[in-house]
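Quantities reported herein were computed from a predicted structural model and do not represent experimental measurements. So that the names make sense, note that chain A is the first sequence line, chain B the second, and so on, each numbered from 1.
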Protein chains: 2
Amino acid sequence: MNIKEASEKTGVSSAAIRYYEKELLIPAIDRTDVGNRDIDDRIIRRIQFVTQMRAAGMSIENLRRYIQLFDAQEDNAKEQKAILKTQLAAMEEKRDDLQSAIDHLNYKLNHFYDHMETTEEELRELERQHAEKVTDDAMSEGDGYNNR
Amino acid sequence: MNIKEASEKTGVSSAAIRYYEKELLIPAIDRTDVGNRDIDDRIIRRIQFVTQMRAAGMSIENLRRYIQLFDAQEDNAKEQKAILKTQLAAMEEKRDDLQSAIDHLNYKLNHFYDHMETTEEELRELERQHAEKVTDDAMSEGDGYNNR
DNA sequence: CCTTGCCTTGAAGTGCACATTAAGGATTAA
DNA sequence: TTAATCCTTAATGTGCACTTCAAGGCAAGG
């Protein structure tokens, strides 16, 4: 498949695919007799992998470091494993931060509802969330800024 | 408190605080008689809120839009609610993507354990070294390329 | 033969989110 | 009084992750 088809299949622009290849995030792509990229499913999967990790917040630089290590010879195994663990911890922290922000917004959203109609159920939920997260005061109605 | 103390308290640079104020992510900050910013706890909480939302992936632009609506005295409740819901959905999707990447990495990590024998001691040392270089991101693999 | 539409490379441009620099003002310590 | 250390604004610079442009090649359709 040519680069345009690969782009359509992955949702990654042709230019970005070229960029990923240049930056060694995906392996060197085979060429046709006239020099055009001929992209197979292995490359597609690598592109999707890169996309997934990028969406998870991994930088090009770190992605390349890991992929290079991984593609290299054996025996880097311990270091790879260490990298994996470190990155995993960072991602879990990021997920937790994200969850905390989601909780915050959910709290606000639920709070909006009681301008209109709030069920007893929702109220108990709000109190439960609020008790857990004391750090969430900033944008809620109690910070003295939004006096409505 | 002056901007440097606020910076130290929040972990946000002085330049970034000025930038946030300029971009209306935080309210106009009071000045002393000579024109220096005098930052109180309400501002600190707003900075922390911005930090949290930024870490969760919200752009300056979206943050400003939301905050401006929120700060408006008008009862934009329905519109605010819609924005909140949209942002929330995006964040939940991002969290799920992140979780999926975490699962991916966990799978790989478990796979590594089959192959090698590394003491936890060595791992911790490696992790410590790596953590100095890598602050935030993550990596993985596992798509049929690295057949080991 | 010419236009369309795909491709190539390398270089330059873009947008975001700040960081840094320049030029100057006020306060404090020696 | 001079140096240090904070502050101010406005302007410019930076790094990342691409995107766009420029200049050209190849193949098919009309």
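With DNA chain C read from its 5' end, the first of the two nearest nucleotides for B:Met58 and B:Asp33 is the one closest to B:Met58. When each of B:Arg54 and A:Arg37 is assigned the nucleotide of DNA chain C bearing its nearest heavy atom, the one mapping closer to the 5' terminus is A:Arg37.
When the side-chain nitrogen and oxygen atoms of B:Tyr20 are compared with OP1 and OP2 of C:dA17, none of them lie within a distance under 4.0 Å. The shortest distance between the side-chain N/O atoms of B:Arg64 and the OP1/OP2 oxygens of C:dC16 is not below 4.0 Å.
Atom CD1 of B:Ile26 is separated from atom C1' of C:dA17 by 15 Å (rounded to the nearest Å). Going from atom CG of B:Asn36 over to atom C1' of C:dT27 covers 10 Å, rounded to whole Å. Going from atom CG of B:Leu63 over to atom C1' of C:dC16 covers 14 Å, rounded to whole Å. Atoms CD (B:Glu61) and P (C:dC18) sit 14 Å apart, rounded to a whole Å. Atom CD of B:Glu23 and atom P of C:dC18 are 10 Å apart (whole Å).
The closest donor-acceptor contact from the side chain of B:Ser7 to the backbone of B:Ile3 lies at 3.5 Å or more, if one exists at all.
With rounding to the nearest 0.5 Å, the separation of OG1 in B:Thr32 from CG in B:Asp38 is 7.0 Å. In this structure, B:Arg54 CZ and B:Met58 CE are separated by 9.5 Å, a value rounded to the nearest 0.5 Å. Summarising the geometry, atom CD belonging to B:Glu92 is positioned 5.0 Å from atom CZ belonging to B:Arg95; distances are rounded to the nearest 0.5 Å.
Note on A:Arg18: a base of the nucleic acid sits closer than 4.0 angstrom, heavy atoms only.
Listed by chain and residue number, nothing satisfies the salt bridge (charged side-chain N to carboxylate O under 4.0 Å, His left out) test with A:Glu5 (two or more places apart in sequence, or in another chain).
For DNA chain D, the contact window with chain B, defined by any atom under 4.0 Å from a protein heavy atom, covers D:dC6 to D:dT9 in 5' to 3' order.
The side-chain contact (heavy atoms from CB on, under 4.5 Å) with B:Arg37 is formed by just one residue from the set B:Asn2, B:Ile29, B:Ile43; it is B:Ile29.
Of the candidates C:dC18, C:dT8, C:dT27, C:dT27 carries the atom nearest the B:Val34 side chain, counting heavy atoms from C-beta on.
Contacts between residues 2-16 of chain A and DNA chain D, defined by a heavy-atom separation under 4.0 Å, are made by A:Ser13, A:Ala15, A:Ala16.
Taking 4.5 Å as the limit, some side-chain heavy atom of A:Thr51 sits within range of a side-chain heavy atom of A:Ile47.
A pairwise comparison of heavy atoms in B:Val50 and B:Leu25 identifies CG2-O, 3.7 Å as the closest pair.
There is a side-chain donor-acceptor pair under 3.5 Å between A:Gln52 and B:Ser100.
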